[in-house]
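Inspection log for the structure reproduced underneath, given as structure tokens.
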Amino acid sequence: QVQLVESGGGLVQAGGSLRLSCTASGLTFGNCAMGWFRQAPGKEREFVAFISKGGSSIYYQDSVKGRFTISRDNAKNLVYLQMNSLKPEDTAVYYCACRRINQYSRDETMYDYWGQGTQVTVSS
């Protein structure tokens, strides 16, 4: 059974930092390109960041460029999202997702497995 589990969310003041982690089981983690998505209340889920299987290709949503960093450690079955200079508009549930095809996509329907999400709340 494939399972992705996010952690590291919480409440932080604007300007602060959080690091989200996502671990995977039930699959070979190195066979997953990984994405981070988020869903704010009343809004659709949106793409945040992507990292290829080997980590050589990385993409970000424009609004998080320069503030967020995606990385991965395949030996530990972990992908991270370091979030700095957080803003209230970053408040959302953050999800990690595995895409078995090693190709960049912002489309959530292109991802095969999802975590349950972790809440990030940024206060002003």
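Each residue takes its place number in the sequence, starting with 1.
- Judged by distance alone, the side chain of Gln13 and the main-chain N or O of Ser123 form no donor-acceptor pair under 3.5 Å.
- Between the side chain of Arg72 and the backbone N or O of Ser52 there is at least one donor-acceptor pair closer than 3.5 Å.
- Using a distance-only test at 3.5 Å, with no hydrogens or angles considered, a donor-acceptor pair links the side chain of Thr23 to the main chain of Asn77.
- Going from atom CD of Glu44 over to atom CD of Glu108 covers 8.0 Å, rounded to the nearest 0.5 Å.
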Apply side-chain contact (heavy atoms from CB on, under 4.5 Å) to Tyr60 and Arg67, showing your working. CA-CA 10 Å; Tyr60 297 99; Arg67 300 189 298 122; over 6 Å; no
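- The closest donor-acceptor contact from the side chain of Gln116 to the backbone of Val5 lies at 3.5 Å or more, if one exists at all.
- Of the possible donor and acceptor atoms, one in the side chain of Arg99 sits under 3.5 Å from a partner among the backbone N and O of Met110.
- Judged as a ring-ring contact (aromatic ring centres under 6.0 Å, His included), the pairs with a partner in residues 102-124 (not counting sequence neighbours) are, in order, Phe37-Tyr111, Phe37-Trp114, Phe47-Tyr104, Phe50-Tyr104, Tyr59-Tyr104.
- A side-chain donor from one of Gln119 and Thr121 sits under 3.5 Å from a side-chain acceptor of the other.
- Here the CG atom belonging to Asp73 is positioned 10.5 Å from the OG atom belonging to Ser21, to the nearest 0.5 angstrom.
- The structure places OG of Ser56 at 8.5 Å from CD1 of Ile51, a figure rounded to the nearest 0.5 Å.
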For residues 79-87, tabulate all N or O donor-acceptor pairs below 3.5 Å that involve a side-chain atom, not counting sequence neighbours.
| unit_1 | atom_1 | unit_2 | atom_2 | d |
| --- | --- | --- | --- | --- |
| Gln82 | NE2 | Asn84 | OD1 | 2.8 |
| Asn84 | OD1 | Ser17 | OG | 2.9 |

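- Residue pairs satisfying the disulfide bond (SG atoms under 2.5 Å apart) criterion with at least one member in residues 88-124, sequence neighbours excluded, are listed as follows: Cys22-Cys96, Cys32-Cys98.
- Residue Ile58 holds its CD1 atom at 8.0 Å from OG1 of Thr69, rounded to the nearest 0.5 Å.
- Nearest heavy atoms, Ala14 versus Pro88: CB-CD, 4.1 Å.
- Side chains of Tyr95 and Gln39 form a contact here, defined as non-hydrogen atoms less than 4.5 Å apart.
- Within the 3.5 Å criterion, the main-chain N or O of Val120 finds no donor-acceptor partner in the side chain of Arg38.
- There is a side-chain donor-acceptor pair under 3.5 Å between Thr109 and Asp107.
- Summarising the geometry, atom CG belonging to Leu11 is positioned 9.0 Å from atom CG belonging to Leu18; distances are rounded to the nearest 0.5 Å.
- If you take CG on Asn31 and CZ on Arg100, they are separated by 10.5 Å, rounding to the nearest 0.5 Å.
- In this structure, the side chain of Asn74 does not engage the main chain of Phe29 through any donor-acceptor pair within 3.5 Å.
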